[in-house]
Each structure stands twice: as structure tokens, then as C-alpha cells.
Amino acid sequence: MSRFIPLAGSTLYSPAWFIPFDDYARRVRSAGVAVQLDRFDDEGDGDGAWLPLDDVPVRTPSAALAYPGLGRCGEPWAARPRRHRARFAAAGYQPLYPADEQPYSADLVGVEFLVYPYDDAHPPAVVTEPRLVRLLPSVSFPYPPGLRTVHGAVVDATTRTPIANALIEARGQTSRDLTPWHERTLSDAAGAFRLALRWEGEKADEHAVEETFRLEATERPGRSGSLVVRLPQDIERRHVIEIREQ
């Protein structure tokens, strides 16, 4: 993937390259994905604030979303890097903002990155790498008819307050070839969730009808909860996962 776009004798660098990834379909997806770009303004009084920008990302042939020209300025040696963040939205999805190797936190509301100043003679101080942004099915995701899902809510164990943007996961492996599987979703603003269970759960033996799944919910490191779901008998039940300090 090219890190710059030549235009009329100039060079336009993109300080960020985002690759939206449909976590349910397991494929790259940029169609129907909207991105709001913000810049952190800390030059006035107070602690600073995020300001929305009008910049619209460019979709590349490889389905990445880039911002060519962002950071281009006069006298870049006199300017400093500026904090930016990208917030993603797509119908039926919620974005999972932490990168794959980072711990999950429901407080994250975007992907933050630094924009380094540059001009034609002075390229940016840092070369960026493509960043995968996973899109997880939301409560309103249009699952195909007949697909097995379980639903419920994530709440604080003490106050019973709904917890928004909690990560709900189920893991396992198939019995025949022991292929690992991983399903996940995020709770909505009211703490509600709906999770697909496309693969088989644990069974007492190969002829057993009952399947067991362990659902785990995480608000942030050190605050999580879990419960066991047994199918088919629990398919219609509203499952409440309580979050507490671990």
C-alpha cells in the first residue's frame, strides 16, 4: 500500500490508514462505513477539547480509508504534531477501537493518532502503518433467519446500572476438527446485547443434545463478569451479565 499520493508535483501523505473489518463476515469492508475525524485543541484555556473536523477520508483501491494531505503546512519544522482521533459508524455495527494486542476498555470512543507536519521538502517524521478497525455486530445487526443468537444485558453487579459498550465474547472449538471459534459483540447505550452462536458449544458426549457456552463481558481491565448459557433450553431467556471488580 502506498504511503503517499502524488498530485501536481506535490506529495500528499496520509498520517493514518484505516482498514474497516467486518468481524462477523470475516472480511474487509469500507462501503457504508462513515468516519468522523476530530482534532484535540489544547491551545486555549482549560484542559482542551476534541473538535470535529470536516475532512472526509479517501477510499483506496485496497478498501482502506486514508486522509491524504492531512498535516501538510508551511514551515513544518516550526509546527508540532497534533492529536487526532477517528470515530467509525456503520448501520448494524459497533466499532471495536482497541487494536488486537491491546486490552479492552469501554471508555475508548475512537482511534487516536498523531498528525506530523510536513511539506514537499520535509516528509512526516513518522511513517504510519495500516490500522485494522474491527466492526462487531450490534443489537440491530440483521442476522440471517434461523441463526442462533442469545440476548440480554450487561449491568453493574452492585448498582444494577446498565453498562454501555461492554465487550461480550464466547469462545470454543469444533468437536470434529478442533477448529477454534470466537464470537463477540458490544452492548448498546442501554447495556443490551445480542450475540450470535454459530458454532457448537461444549457437550457431555458426542450424542448429547445440550450445549454449554460461557459468555464473558468486559468493561475494562479488572472489571468483568461471566455466565453460562445452556442451549437449547436457554435460547429465549434474557441473560444478565453482572460486572464487578476482579
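One is the number of the first residue; the rest follow in order along the sequence.
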Side-chain contact, heavy-atom cut-off 4.5 Å: [X] with [Y]?
X: L135; Y: V33; result: yes
X: R230; Y: E202; result: no
X: E216; Y: L167; result: no
X: L53; Y: H84; result: yes
X: F141; Y: T149; result: no
X: W50; Y: R85; result: yes
X: W199; Y: E183; result: yes
X: E200; Y: T174; result: yes

Examine [X] and [Y] and state if one hydrophobic cluster contains both, with Ile, Leu, Val, Met, Phe, Trp and Tyr joined whenever side-chain heavy atoms are less than 4.5 Å apart.
X: Y104; Y: I241; result: no
X: L195; Y: L227; result: yes
X: L96; Y: V109; result: no
X: V139; Y: V154; result: no
X: V133; Y: W17; result: no

Looking at Q233, I'd like to know if its CD atom is crowded, meaning that more than 12 non-hydrogen atoms belonging to other residues, nucleotides or ligands lie closer than 6.0 Å.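 Counting neighbours around CD of Q233, more than 12 heavy atoms of other residues, nucleotides or ligands fall under 6.0 Å, so yes.
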Separation of [Y] [atom2] from [X] [atom1] (nearest 0.5 Å):
X: N165; Y: L186; atom1: CG; atom2: CG; answer: 5.0 Å
X: F213; Y: L231; atom1: CZ; atom2: CG; answer: 5.0 Å
X: L147; Y: R198; atom1: CG; atom2: CZ; answer: 7.0 Å
X: L114; Y: R80; atom1: CG; atom2: CZ; answer: 10.0 Å
X: W181; Y: T179; atom1: CH2; atom2: OG1; answer: 12.5 Å

If you take all heavy atoms of [X] and [Y], which pair is closest and at what distance?
X: L65; Y: S30; value: CD2-CB, 4.2 Å
X: P76; Y: H122; value: CG-CB, 4.0 Å
X: S187; Y: Q94; value: O-NE2, 3.3 Å
X: C73; Y: D119; value: O-CB, 3.6 Å

V240: partners by side-chain contact (heavy atoms from CB on, under 4.5 Å), with sequence neighbours left out: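 Only V155, R160, R238 meet the side-chain contact (heavy atoms from CB on, under 4.5 Å) criterion with V240.
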For T159, what residues pass the side-chain contact (heavy atoms from CB on, under 4.5 Å) criterion, not counting sequence neighbours?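 Expected list: D156, T161.
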Output yes when a side-chain donor or acceptor of [X] lies under 3.5 Å from a complementary backbone atom of [Y], and no otherwise.
X: D234; Y: R237; value: no
X: E129; Y: V127; value: no
X: E242; Y: A157; value: no

Electrostatic pair [X]-[Y], nearest N-O below 4.0 angstrom:
X: E112; Y: R83; answer: yes
X: D38; Y: R87; answer: yes
X: R39; Y: D54; answer: no
X: D120; Y: R72; answer: yes

Using the ring of F193 (Phe, Tyr or Trp, six-membered ring only), decide whether R184 places NZ or CZ under 6.0 Å from its centre and within 45 degrees of its axis.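 Output no; distance or angle outside limits.
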Establish, yes or no, whether a centroid distance under 6.0 Å links the rings of Y13 and Y67.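 No, the ring centres sit 6.0 Å or more apart.
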Please verify the inter-ring angle class for Y97 with F88; under 30° counts as parallel, over 60° as perpendicular, anything in between as tilted.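 Taking F88 first and then Y97, their aromatic rings sit tilted (interplane angle of 30° to 60°).
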Could you go through R194 and T185, starting from their C-alpha distance and side-chain angles, then the distance that decides it, and tell me whether this counts as side chain to side chain donor-acceptor pair (under 3.5 Å)? CA-CA 7 Å; R194 189 158 66 113; T185 186; over 6 Å; no
